[in-house]
Each structure stands twice: as C-alpha cells, then as structure tokens.
Amino acid sequence: MQSNIDQPGPVRLFSRSAGDGFPVVLLHAFPLSSAMWLGQREGLAGTCRVITPDLRGFGGSALGVDEPSLDAMAADVLALLDAAGIERAIVGGLSMGGYVTMAFCRRYPDRVAGVVLADTRAGADDEAVRQGRERLAQAVLADGAVPLVRDLLPKLVGSTTKERRALVVGRVRGLMQAAPPGAVAWAARAMAGRSDSVETLRALRVPVLVIVGEEDEITPVGEAHAMVDAVADGRLALIEKAGHLSAVEQPELFNQAVEGFVKQVAG
Ligand code: MLT
C-alpha cells in the first residue's frame, strides 16, 4: 500500500474499530467522518468487529492527490482490509458511504461477504444534480462550511429529529463544520462523477441489507425498495422516526437491523 500522500494511489485511512469477531466495515456519509458511527461502535461491538474508517480527506485521513472518484475511495478501503489481513468482510455505508460500497462491490466482489446499503441510492446523478454539486464545491472552497451547513443540514436529519433531538442536530452540525473544504469539494465531485450501480447490485451473489429512515428526504424509501428489488438476496429495514442519517438518529433500531444481518451472514 502506498502511504506517500504526494503520489497518486491508495491513501492510508485513519480508522476506529471496536469489538471482535466477523469484520463489518461501515463507511460514513458526506460530509461527515467515522465519528458518525459512535453508536454503532458502542452498540455492535458485542456482535462483530466494527471497522469505521475516515474516508479520504475527512477526519484523520489525508486527501491524497488523485482526481475525484469513488473508485479511489474504494481502493483505499481495499488497502485498509489488506493491511488488516481481512480477506472478506461485510461492507456497508450510509449515503456517500453506500456509493463507495457499491464501487467496492463492482471492483472487488470477492472481498465482500455481505453488503449494507443505508439511506443511499443505486442511480447516478442527473445533470442538474451534478451542477448543484459543482456549485456547492466552489462555494465551500470560497466560503468554508457556512453554505454547506445552511443548505444541507436541514435535509440530513428527519422531521422528528429536528423537532425532538436538538443534541443530535448539534452533533451533526459540529461534524459538518469540522469537514475540510478541500475534502468536501473533492467528495462532491467524486459523487457527481459516479456511475450507475444497478448492474453492480444485480451481479451481487451475497446477502444485502438495505436500511432507510422513513423520513429520509435525500434518498427516500422508494430508492431503498428499488435496491432491494435489484439484488438477488435482499431485505429491507425501515427505521421509524429517522431521516437520512438513520444510524445517528435511531442508533438502537439501526443496530438491531445490522446485528440480525451479521448473525445471518457470519453464522
Ligand atoms: C450523504 O449523505 O452522503 C449525501 O447526502 C449523499 C449525496 O449527496 O448524494
């Protein structure tokens, strides 16, 4: 694995882990970090080995010098598994983490024992969304996190969280404010360039758990049903009173779904 951040190639990801047993990699949403998985590290450590890296540029991981692409992020995750001596893992992610998971499945299907796709979608962006991401990238590079928090925070959490969970909203705001502008712009451009993953899902021959918050506005419940329909062996967990960040808004319900899935996959 390359660790020289001046050269193109995999970046050595900073990662937080908890627990023992079957490895479960969870990839975070945009523009957050592995800190969003605190409730999963705490709640799932008795069931499995939870591995939560900071995707490149976020948290403790360097951005590297590659052009923006989800494939580069997937290659980083592969390098992480190689460095840890893990042959096969359950790989999953929430939203952007789900896009990286699908890129990982496309490139390295033999390394995947099961897949978790939370609050994400299989389709690529249309032109209007791509342009919006480029505007966001330029605004954040020019003005920092202010436009990001203003435009995105209200959509990231569901209506129940906005009404009743001020601490959760504050925590998400803090994670967004900590995101380096360069990483935000890079990741926005990487997401804009991603390809459609429906065929990748159709080709999967491992169990897939799709999770969605019932109040998710960014990747609504219909997107989750479409992913379940695309895979050969899928099941859906609907998380009540949660929006797009279902793992952060309702960690116990999210963990219950993952725990049942891990027991099924790992035996
Ligand atoms: C995320 O939560 O990772 C983002 O909302 C994904 C996206 O912008 O498509």
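Order of listing sets the numbers, starting from 1, for every ligand and every atom in it.
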**Request:** Can you sort out which atoms of ligand 1 are near Ser95, meaning under 4.0 Å from one of its heavy atoms?
**Result:** 1 (C), 2 (O), 3 (O), 4 (C), 5 (O), 6 (C)

**Asked** Do Glu259 and Lys263 meet the salt-bridge criterion of a basic N to acidic O distance under 4.0 Å?
**Response** yes

**Prompt:** Quick one: which of Met96, His244, Met191 has a heavy atom closest to atom 5 (O) of ligand 1?
**Reply:** His244

**Message:** Can a side-chain donor-acceptor contact be found between Ser246 and Asp119 if the only test is distance below 3.5 angstrom?
**Reply:** yes

**Prompt:** Taking NZ, NE, NH1 and NH2 as the nitrogens, is one of them in Asp233 or Arg235 under 4.0 Å from a carboxylate oxygen of the other?
**Reply:** yes

**Asked** Can Glu134 and Gln138 be counted as having a side-chain donor-acceptor contact under 3.5 angstrom?
**Response** yes

**Asked** Can a non-hydrogen atom of Arg133 be found less than 4.0 Å from any atom of ligand 1?
**Response** yes

**Message:** Check this for me - ligand 1, Phe30, N or O atoms closer than 3.5 angstrom, yes or no?
**Reply:** yes

**Asked** Any idea which protein heavy atom is nearest atom 9 (O) of ligand 1, and the distance to it?
**Response** Tyr99 OH, 2.6 Å

**Per-atom contacts, ligand 1 versus Ala29 - under 4.0 Å to a heavy atom** = 2 (O), 3 (O)

**Message:** Taking Asp82 first and then Arg111, would you say they form a salt bridge - that is, a charged N and a carboxylate O separated by under 4.0 Å?
**Reply:** yes

